[in-house]
There are 2 protein chains.
Amino acid sequence: MTQKIADEMDRRILKELVADARITNNELAERVGLSASPCLRRIRRLEESGVIRGYTALVDPVIEGWTMTAIATVRLSRQHEDEIVMFEEAIRGWDEVLECHLVTGSRDYVLKVMSSGLEHYERFIKEKIARLKCVASIETSFVMNTIKERRI
Amino acid sequence: MTQKIADEMDRRILKELVADARITNNELAERVGLSASPCLRRIRRLEESGVIRGYTALVDPVIEGWTMTAIATVRLSRQHEDEIVMFEEAIRGWDEVLECHLVTGSRDYVLKVMSSGLEHYERFIKEKIARLKCVASIETSFVMNTIKERRI
DNA sequence: CTTGAAATTCCCAGATA
DNA sequence: TATCTGGGAATTTCAAG
């Protein structure tokens, strides 16, 4: 499916676009050592083959009111397929949840949650997570400092 | 510093740019219901005030050879300032580490690590993490499924 | 709204298999 | 030869004062 293996030129283009997605095609072409049209053709090919999934603006989370980050580990009590589906659906719908991964071990989920503060976080846990029937326990670690945070 | 509070129009602009950072200014202006020049002025203001930190391309991790994700929890043994600095410096330099957060509790770090497979992961732990003097213990959970993964 | 720049399309040339 | 990739010109669209 992903036989579109990027050659050296593609890698250079990807690197530039990761560093600045709003660079103009002309500028990009010059940086990687191509002329404009083949450069644009490569970008399109990378987009269409799914190597480039999209482009996004990086917005300061504080502006959006998110000032506190937490890592929550959720353990499920029951394993009914439909309850798990409901759990995952709910997670996807909540803006506070930045990430949610199903991990090995017992059926555990690791969540990265953003909130506007402790009160907001408490409400999120009490009124959203804890109300899901299949949730057995929740454990929270608050993020004191973020050493590194790369994009996907 | 971040007194540049986004109004409703700014929020709409941010939403569009998060969804597609390579949209043209004209298209963006039309979508948010502005004409081109005030729209561009707002973008510049959002960029200059730091609300927009940058723009990036989202590249399929599989293309780059990352096929396995793990959540590792690292506990430090000693608390010497300089060892912690060294730990964090090392973490920042390793491509495998996507995220690293210092969390509450005992001095623990939560890491999101990408690798090309189990062998690569084992090598990463043995040859990089475990060799850091201040590391007391490491616990790994492998990601079986990612339910949600939003950008910052 | 106008001017200059960029994106995009089209066609041709050279390399490769 | 058939195919792939780069280059340049022409046209449309966009940026920016």
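All values below were derived from every heavy atom in this structure, side-chain atoms included, with hydrogens, water molecules and symmetry-related copies excluded. Numbers restart at 1 for each chain; the letters A, B, ... are given by sequence-line order, proteins then strands.
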Could you go through nucleotides 6-12 of chain D and list every protein N or O atom that sits under 3.5 Å from one of its N or O atoms, giving the distance for each pair?
from: D:dG6; atom 1: OP1; to: A:Arg42; atom 2: NE; distance (Å): 3.2
from: D:dG6; atom 1: OP1; to: A:Arg42; atom 2: NH2; distance (Å): 2.7
from: D:dG6; atom 1: OP2; to: A:Arg42; atom 2: NE; distance (Å): 3.4
from: D:dG6; atom 1: N7; to: A:Arg41; atom 2: NH1; distance (Å): 3.0
from: D:dG6; atom 1: N7; to: A:Arg41; atom 2: NH2; distance (Å): 3.2
from: D:dG7; atom 1: OP2; to: A:Ser35; atom 2: N; distance (Å): 2.8
from: D:dG7; atom 1: OP2; to: A:Ser35; atom 2: OG; distance (Å): 2.9
from: D:dG7; atom 1: O6; to: A:Arg41; atom 2: NH2; distance (Å): 3.1
from: D:dG8; atom 1: N7; to: A:Ser37; atom 2: OG; distance (Å): 3.4
from: D:dG8; atom 1: O6; to: A:Ser37; atom 2: OG; distance (Å): 2.5

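- Residues meeting the side-chain contact (heavy atoms from CB on, under 4.5 Å) test with B:Ala29, sequence neighbours left out: B:Cys39.
- For residues 124-133 of chain A, every residue pair satisfying the side-chain hydrogen bond (donor to acceptor under 3.5 Å, both in side chains) rule, not counting sequence neighbours, is listed here: A:Glu96-A:Lys128, A:Glu122-A:Lys126.
- Between the CD atom of A:Glu30 and the P atom of C:dA5 there is a distance of 14 Å, given to the nearest Å.
- Partners of B:His101 under the ring-ring contact (aromatic ring centres under 6.0 Å, His included) rule, at least two apart in sequence or in another chain, do not exist in this structure.
- In this structure, the CG atom of A:Leu40 is 14 Å from the P atom of C:dA6, given to the nearest Å.
- The cluster map of Ile, Leu, Val, Met, Phe, Trp and Tyr, joined by side-chain heavy atoms under 4.5 Å apart, puts A:Val18 and A:Ile23 in the same cluster.
- Residues from residues 15-29 of chain B with heavy atoms under 4.0 angstrom of DNA chain D, sorted by number: B:Thr24, B:Asn25, B:Asn26.
- Legend: salt bridge (charged side-chain N to carboxylate O under 4.0 Å, His left out) pairs involving residues 64-77 of chain A, not counting sequence neighbours, sorted by first then second residue: A:Arg75-A:Asp108.
- With sequence neighbours left out, A:Glu139 forms a salt bridge (Lys or Arg N to Asp or Glu O under 4.0 Å) with no residue at all.
- Side-chain heavy-atom separations under 4.5 angstrom define the hydrophobic clusters, and the remaining members of the one that includes A:Val74 are A:Met68, A:Leu76, A:Ile84, A:Phe87, A:Ile91, A:Trp94, A:Val97, A:Leu102, A:Tyr109, A:Leu111, A:Val113, A:Leu118, A:Tyr121, A:Phe124, A:Ile125, A:Ile129, A:Leu132, A:Val135, A:Ile138, A:Phe142, B:Met144, B:Ile147.
- Pairs engaging residues 20-31 of chain A under the salt bridge (charged side-chain N to carboxylate O under 4.0 Å, His left out) rule: A:Glu16-A:Arg31, A:Glu27-A:Arg31 [sequence neighbours left out].
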